[in-house]
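Below is one structure, written out as structure tokens, with a few remarks after it.
Everything quoted here is computed from the prediction, not taken from an experiment. Below, chains carry the letters A, B, ... as their sequence lines are ordered, and counting in each starts from 1.
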Number of protein chains: 2
Amino acid sequence: MGAMSNVERAVSALRQMIFAGELPPGSDHLETELAEKLGMSRTPVREAALMLQAQGLVEMRPRRGIRITPVSAADMAEIYDILTELESLAAARAAEAQYSKADLANLATAIRDMDGALARDDLRAWAEADDRFHRELVRLGRNARLSMVVSVMRDQVRRARATTLFMRPKPKQSNEDHRVVYQAIARGDAKTAHDTHHAHRQAARDMLVALLEKHQFHGL
Amino acid sequence: MGAMSNVERAVSALRQMIFAGELPPGSDHLETELAEKLGMSRTPVREAALMLQAQGLVEMRPRRGIRITPVSAADMAEIYDILTELESLAAARAAEAQYSKADLANLATAIRDMDGALARDDLRAWAEADDRFHRELVRLGRNARLSMVVSVMRDQVRRARATTLFMRPKPKQSNEDHRVVYQAIARGDAKTAHDTHHAHRQAARDMLVALLEKHQFHGL
DNA sequence: GTATGCATCTGTGTATACATTAACGCATGA
DNA sequence: TCATGCGTTAATGTATACACAGATGCATAC
């Protein structure tokens with residue numbers, strides 16, 4: 001049943017609290033404090049923090065506590081640059097892999113869901129489906145390490161998105177792009193898949209960074 | 001003096017032992033065993049292992065010990081794909097940054113050192129200077145996260161290189177490429193810097209993967 | 001000879017204790 | 001008022017203890 005160690009529990013709990021904003025960016029938390037809150041001893045909390053530190057979600061500073069890493073607009077630019085390159089590579093590789101329509105079903109579904117969510121003005125559902133599309137795209141690229149790096153970066157993006165989702169223009173062009181990428185992959189056109197996705201991400205990057213800078217979220 | 005924690009000591013010591021082949025890929029080691037060898041208790045060893053695990057150098061499997069991650073030819077292909085994309089981006093960004101000749105001194109030195117090493121047939125010195133060139137290139141790209149990801153990937157490459165260095169053809173084209181990249185950066189030509197470096201890395205990838213497959217280093 | 005179950009044993013996951021050392025406040029002096 | 005130094009306090013880094021669970025080997029049954 002409880003086939004889950006305390007370390008794993010601590011990792012999920014801390015992640016959730018960070019994404020929910022319960023542990024705000026820039027805030028410090030003592031190991032003892034978190035241990036008590038999670039109902040376990042310091043040891044698993046420390047190990048969990050170590051893992052989250054490796055993913056850039058927290059920083060452990062001796063005697064100052066575990067700090068929830070703040071993410072500035074400049075940081076987000078860095079992150080998006082990496083995402084752009086790696087996801088585009090994944091798109092190209094996916095196109096080269098000669099997938100069948102069936103293999104691409106998840107992609108198609110995600111696109112449809114985004115359309116639906118957009119029609120209903122349901123931005124949360126849109127964001128969820130968008131995430132799903134990008135995750136699936138990377139998976140199809142068949143590079144386990146790339147997937148891991150991307151997922152770490154995406155975690156950071158998600159933190160920023162929580163606050164910017166309702167400030168940004170409606171993602172209309174976005175779905176056009178997804179469709180082009182999908183079709184390019186379906187017909188094995190690696191260059192188009194790559195370049196379209198690259199432009200897609202770069203546009204998202206510029207929009208988001210501008211938004212963050214404008215609203216001076218210099219350390220969210 | 002000893003302003004270095006046991007965890008830090010354990011991390012360096014383990015890294016060194018891994019790179020030196022003293023802890024061979026695929027081998028398992030109990031926490032107690034390593035703790036004794038390093039002259040400390042299990043706690044810092046565990047924490048060090050956790051960090052190295054996040055970098056993909058070891059895997060901790062309950063009750064089976066700490067395994068030194070083996071790297072197959074397929075793994076190396078994955079790793080090089082990531083390196084190729086991210087380093088090329090760094091090259092492009094470096095070109096955009098309008099660096100002065102003085103800023104690029106380290107690059108120039110590395111290239112000169114490679115020339116010298118090649119003339120003396122000193123492959124070790126060549127590899128060291130090559131590493132230096134690539135590290136500096138990434139640094140000039142000014143993306144801290146990218147630098148970290150690349151450095152993790154490069155650690156893996158280094159492990160494979162140790163065994164393949166003396167099997168590969170003399171890296172002659174290599175230095176031509178470096179020179180072109182350098183000049184492109186110097187004159188602010190991002191596209192040439194990017195594309196040249198991209199091709200450079202891809203060629204290295206293909207050569208190395210072929211070499212590894214041929215010699216059936218299926219888990220070194 | 002092979003499969004199945006059980007007992008043993010050992011390594012890990014976690015809690016806890018403790019020494020160290022950096023941060024903080026206060027007092028002292030300029 | 002502000003800087004400097006010292007003592008106190010408290011958080012961490014590390015060691016250690018211990019319970020649990022999974023692996024291993026053996027015995028037994030088929």
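- Closest heavy-atom contact between B:Pro70 and B:Glu59: CD-OE2, 4.1 Å.
- In this structure, B:Arg158 is positioned above the aromatic face of B:Phe19, its NZ or CZ under 6.0 Å from the six-membered ring centre and within 45° of the axis.
- Each of D:dT14, C:dT12, C:dA15 was ranked by its minimum atom distance to the side chain of B:Leu30; first place goes to C:dT12.
- Separating the NE2 atom of A:His29 from the C1' atom of D:dT12 is a distance of 17 Å, rounded to the nearest angstrom.
- DNA chain C lies under 4.0 Å from at least one heavy atom of each of the following residues of residues 48-68 of chain A: A:Arg63.
- Nucleotides of DNA chain C nearest to B:Thr32 and A:Met40 differ in position, and the one nearer the 5' end is that of B:Thr32.
- At whole-Å resolution of the value, CD in B:Glu31 and P in D:dC18 are 19 Å apart.
- Put simply, CG on A:Asn6 is 13 Å from C1' on C:dT12, counting in whole angstrom units.
- When the nucleotides C:dT16, D:dA15, D:dG13 are ranked by their closest atom to the side chain of A:Thr43, C:dT16 comes out on top.
- In this model, the phosphate group of D:dT14 is not approached by any side-chain N or O of B:Arg42 to a distance below 4.0 Å at OP1 or OP2.
- Here A:Arg46 does not reach the OP1 or OP2 of D:dT12: none of its side-chain N or O atoms lies under 4.0 Å away.
- The residues B:Asp131 and B:Arg161 are annotated as salt-bridged, a charged nitrogen and a carboxylate oxygen being separated by less than 4.0 angstrom.
- Without hydrogens or angle criteria, A:Gln156 side chain to A:Val71 main chain gives no donor-acceptor distance under 3.5 Å.
- Regarding A:Glu33, its CD atom lies at a distance of 15 Å from the P atom of D:dA10, rounded to whole Å.
- As a whole-Å value, the separation of B:Arg9 CZ from D:dG13 C1' is 11 Å.
- Atom pair B:Leu34:CG and C:dG11:P shows a separation of 12 Å (rounding to whole Å applied).
- Note on residues 127-149 of chain A: pairs passing ring-ring contact (aromatic ring centres under 6.0 Å, His included), not counting sequence neighbours, are A:Phe133-A:His178, A:His134-A:His178, A:His134-A:His197, A:His134-A:His200.
- Qualifying side chain to side chain donor-acceptor pair (under 3.5 Å) partners for A:Asn143, counting only residues two or more places apart in sequence or in other chains: none.
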